[in-house]
Amino acid sequence: MAACFIIVMFTGLALYWRSILGWMLPMFGGKETAINLHFWFGLGLGFFTLLLYFAWRAVARWTPADTHFVKHLRQYAASPSQLPPPETGFFNGGQKLYFWSVILSMAVFVVTGVVWWYRKDVPQNVYAVCRTTHRILAVIMSGGLLVHIYKASIGEPGTLRSMIGGTVTREWARIRRPGWFRDLGNRD
């Protein structure tokens, strides 16, 4: 999924901002090859996002603890050491918000991308709306990715280990995801 995203992001940037980033197009075999890579890897990204949805939708269900977390998101973002609500599960409210934004955005990307690909077969105004939506959403989601990378690395201590190795310490789970820790049968 990450490889698809990287190829889609860089081909999209090179194609969209040709005056600034067009120098990257030869790295992808030229403009036409970059367009093809962007389309096919975009569909691959959509497929992997669908798999991600099926894998995580149950643990990404919204709870009152998530609402509390999001209402106080500024505090949690500013102070990574601040403890989450006591019912925080496998994902916190910010992670769930990002998960659902990725799922919904990818659905929009696939639809608008396919319309863009077949632009000669759709009304011009439909193509224009899809093209603009695709570009604006790409900029928004790229910003979201930067926040995600920050939070997954240094923004929340212990998270990088989980992303690389797939595990966290018992202490991290007890403190950072107390609801999940209890659901696993652990007690303080």
Side-chain angles (χ1 to χ4, degrees), residues 1-9 12 41-113 132-188:
M1 185 171 181
C4 285
F5 181 84
I6 289 168
I7 291 169
V8 168
M9 181 177 67
F41 277 86
L43 288 178
L45 183 58
F47 172 74
F48 287 121
T49 302
L50 186 62
L51 294 179
L52 185 74
Y53 165 77
F54 287 120
W56 295 108
R57 72 183 186 274
V59 293
R61 285 196 182 106
W62 204 257
T63 68
D66 302 322
T67 300
H68 178 272
F69 188 93
V70 171
K71 282 183 179 178
H72 299 91
L73 192 58
R74 187 174 296 180
Q75 294 164 310
Y76 290 113
S79 178
S81 60
Q82 184 171 340
L83 298 179
E87 295 306 315
T88 299
F90 188 78
F91 289 139
N92 65 36
Q95 291 168 316
K96 289 179 183 179
L97 193 61
Y98 185 68
F99 170 83
W100 289 111
S101 70
V102 166
I103 298 301
L104 295 173
S105 295
M106 188 50 57
V108 173
F109 279 136
V110 169
V111 170
T112 58
T132 303
T133 302
H134 197 91
R135 289 175 171 174
I136 291 171
L137 191 55
V139 171
I140 292 168
M141 291 308 292
S142 294
L145 176 67
L146 294 175
V147 172
H148 176 67
I149 291 170
Y150 165 74
K151 292 299 286 180
S153 55
I154 59 174
E156 187 174 339
T159 314
L160 182 60
R161 172 189 170 158
S162 72
M163 298 221 21
I164 293 171
T167 62
V168 295
T169 64
R170 288 176 59 80
E171 186 64 12
W172 186 92
R174 185 181 68 73
I175 293 170
R176 306 302 302 174
R177 302 295 183 269
W180 177 54
F181 186 76
R182 282 189 307 277
D183 290 346
L184 293 174
N186 298 297
R187 303 284 173 230
D188 288 335

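As the structure is a computational prediction, the values presented were derived from the model and not from experiment.
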**Report entry** Pairs touching residues 79-107 that satisfy salt bridge (charged side-chain N to carboxylate O under 4.0 Å, His left out), sequence neighbours left out
**Finding:**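 For residues 79-107: D66-K96, E87-R182.
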
If we only count heavy atoms from C-beta on, is the [X] to [Y] side-chain gap below 4.5 Å?
X    : Y    : result
V168 : W180 : yes
F109 : M141 : yes
F48  : L51  : yes

Distance-minimising heavy-atom pair for [X] and [Y]:
X   : Y    : result
P85 : P178 : O-CG, 3.7 Å
G44 : C4   : C-SG, 4.1 Å
H68 : H72  : O-ND1, 2.8 Å

Gap separating the [atom1] atom of [X] from the [atom2] atom of [Y], nearest 0.5 angstrom:
X    : Y    : atom1 : atom2 : answer
M106 : F47  : CE    : CZ    : 13.5 Å
S105 : I140 : OG    : CD1   : 8.0 Å
L45  : L52  : CG    : CG    : 10.0 Å
L104 : L137 : CG    : CG    : 10.0 Å
L145 : I6   : CG    : CD1   : 9.0 Å

**Report entry** Inter- and intrachain pairs under side-chain hydrogen bond (donor to acceptor under 3.5 Å, both in side chains), touching residues 43-62, at least two apart
**Finding:**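 Of all non-adjacent pairs touching residues 43-62, those that pass side-chain hydrogen bond (donor to acceptor under 3.5 Å, both in side chains) are W62-T67.
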
Query raised in the report: Would you say R177's side chain and T88's backbone share a donor-acceptor pair under 3.5 angstrom?
Result: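 Here the side-chain-to-backbone pair does not exist.
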
Query raised in the report: Should we count CZ of F41 as having more than 12 external heavy atoms under 6.0 Å?
Result: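 No, CZ of F41 has 12 or fewer neighbouring heavy atoms, counting only those of other groups under 6.0 Å.
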
Report task. Quick one: sort the H148 and Y98 rings into parallel, tilted or perpendicular, breaks at 30° and 60°. Result ->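 Ring orientation of H148 relative to Y98: parallel.
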
